[in-house]
Amino acid sequence: MTARATLATARRVLRQLRRDPRTIVLLLAVPIFLLAVVRWVFDARPGIFQGIGVPLLGIFPLVSMFLVTSITMLRERSSGTLERLMTLPLGKLDLLAGYALAFSAIAAVQTLLVSVFALTVLDLRISAPLWTVLAIAVLNALHGMAFGLFLSAFAQSEFQAVQFMPAFLLPQILLSGLLGPRSGMVRPLEIASDYLPMTYAFEALSRIAGSQALTARLAFDAGVVLATTLIALALGAATLRRRTG
């Protein structure tokens, strides 16, 4: 793995995204719109939005990053671009690190825009410093990116790639605690939620929303999300081959 190859890959990905305005809108504008819709849905009950608003700052970027990354990597595989890249002196880690670097930059911009909009226009209040919200939200976006890279290997078309969202992300969102306390679920679902990474992403952002203290439990939740992100990147590297189907 070399810094030069990683940076070259990141620049190539950013150039591709710059030529695709629809993807840019999906990444930067759609999360803002969705968060605003949620705020207006609970306009008569602002307390509900205060409870779920901060977690949504991480969940919406995670979902959009998952979709964009899985489709982008699928195009690389199906068009033969990935096969041509693998014939170059470019390691798997260079390729994945380049993607991670490019999407990290996009995730940072995305999260900053969503957070500033929520805090200024939607009157979302948080107890912790803004940088902690940004850090956890960016980590969540990278989590979505990592699994998008990995699961793209199992899709044969863009439609199949999109289908992974309800199959992979929706159950995690439903069981994360966003719709209600996990303690109120039937016991099998509560146990299952303990093994889902989005549960820890949701709880990390919930802790930030309600407390100024950076606790050991918050560090544990963030560590679980980081660990599963690295595992997904490693699994994604295992799916990269010299030949594509």
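Small disclaimer: the values here were computed from a predicted structure and weren't measured.
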Open item on the list: Side-chain heavy atoms nearer than 4.5 Å, only ILVMFWY residues, links allowed to pass through others: does that put Ile32 and Leu112 together?
Closed with: yes
Task: Chi angles and distances behind the side chain to side chain contact (heavy atoms under 4.5 Å, CB included) call for Arg217, Tyr200 - done: CA-CA 10 Å; Arg217 180 65 192 189; Tyr200 299 92; 4.0 Å; yes
Open item on the list: Applying a strict under-4.5 Å side-chain criterion to I, L, V, M, F, W and Y, I'd like to know whether Leu57 and Val121 cluster together.
Closed with: yes
Open item on the list: Is there a continuous path of hydrophobic side-chain contacts, each under 4.5 Å between heavy atoms, that joins Val25 to Met65?
Closed with: no
Task: Taking every non-hydrogen atom, the tightest pair across Leu35 and Phe49 - done: O-CE1, 3.9 Å
TODO: Please check if Leu101 and Leu17 belong to a single hydrophobic cluster, counting links between Ile, Leu, Val, Met, Phe, Trp and Tyr side chain heavy atoms closer than 4.5 Å.
DONE: no
Task: Any donor-acceptor pair under 3.5 Å from Ser152 side chain to Leu149 backbone - done: yes
Task: Minimum-distance pair of heavy atoms, taken over all atoms of Phe103 and Val68 - done: CE2-CG1, 4.1 Å
Task: Leu170 and Met165: CA distance, side-chain angles, deciding distance, side chain to side chain contact (heavy atoms under 4.5 Å, CB included) verdict - done: CA-CA 7 Å; Leu170 186 56; Met165 189 190 76; over 6 Å; no
- [ ] Over all heavy atoms of both residues, which pair between Ala36 and Phe117 is shortest? Give the atoms and the distance, please.
- [x] CB-CE2, 4.0 Å
Task: Non-hydrogen atoms of Leu205 and Ala137 that approach each other most closely - done: CD2-N, 4.4 Å
TODO: Using the test side chain to side chain contact (heavy atoms under 4.5 Å, CB included), find all partners of Phe42 that sit at least two apart in sequence or belong to another chain.
DONE: Val38, Arg45, Ile48, Ile52
Task: Spacing of CG belonging to Leu56 relative to CZ belonging to Arg39, to within rounding of 0.5 Å - done: 13.0 Å
Task: Minimum heavy-atom distance Val225-His143, with the two atoms named - done: O-ND1, 3.8 Å
Task: Reported CD1-to-CH2 distance for the pair Ile208 and Trp131, which is rounded to 0.5 angstrom - done: 8.5 Å
TODO: Decide yes or no for Met145 and Thr229: does some side-chain heavy atom of the first lie under 4.5 Å from some side-chain heavy atom of the second?
DONE: no
Task: Spacing of CD belonging to Glu190 relative to CE belonging to Met185, to within rounding of 0.5 Å - done: 8.0 Å
Task: Nearest-0.5 Å distance, CG of residue Leu189 to CZ of residue Arg182 - done: 11.0 Å
Open item on the list: Taking side chain to side chain contact (heavy atoms under 4.5 Å, CB included) as the definition, give me every residue that meets it alongside Leu196, ordered by chain and number, with sequence neighbours left out.
Closed with: Gln172, Leu175, Thr199
Task: Approximate separation, where rounding is to 0.5 Å, of Leu235 CG and Leu230 CG - done: 11.0 Å
Open item on the list: What I'd like to find out is whether the side chain of Ser115 reaches to under 4.5 Å of the side chain of Leu134, using heavy atoms alone.
Closed with: yes
TODO: Could you tell me which residues satisfy side chain to side chain donor-acceptor pair (under 3.5 Å) with Ser176, sequence neighbours excluded, listed by chain and number?
DONE: none
- [ ] Measure from the side-chain N and O atoms of Thr111 to the backbone N and O of Ala108, and report whether any donor-acceptor pair falls under 3.5 Å.
- [x] no
TODO: Might you point out which heavy atoms bring Met198 and Leu169 nearest each other, and give the distance in Å?
DONE: CE-CD2, 4.0 Å
Open item on the list: If we ignore hydrogens and angles and just use 3.5 Å, is the side chain of Thr69 paired with the main-chain N or O of Phe66 as donor and acceptor?
Closed with: no
- [ ] Please identify each residue that fulfils side chain to side chain donor-acceptor pair (under 3.5 Å) with Ser64, with sequence neighbours left out.
- [x] Gln110
Task: Pairwise distance CG(Leu174) to OG(Ser193) - rounded to 0.5 angstrom - done: 11.5 Å
- [ ] Could you tell me whether Phe33 atom CZ has more than 12 heavy atoms of other residues or ligands within 6.0 Å of it?
- [x] no
Open item on the list: Would you say Tyr195 ends up clustered with Leu226 if hydrophobic residues are merged whenever their side chains have heavy atoms under 4.5 Å apart, either directly or through other cluster members?
Closed with: no
Open item on the list: Just so I know, are the side chains of Leu124 and Val54 near enough to count as touching, which here means a heavy-atom distance under 4.5 Å?
Closed with: yes
Task: Ile173 vs Val63 side-chain heavy atoms within contact, under 4.5 Å - done: yes
- [ ] Provide the full list of salt bridge (Lys or Arg N to Asp or Glu O under 4.0 Å) pairs with a residue in residues 120-133, sequence neighbours left out, each pair given once.
- [x] Asp123-Arg125
Task: With sequence neighbours excluded, residues passing side chain to side chain donor-acceptor pair (under 3.5 Å) with Thr23 - done: Asp20
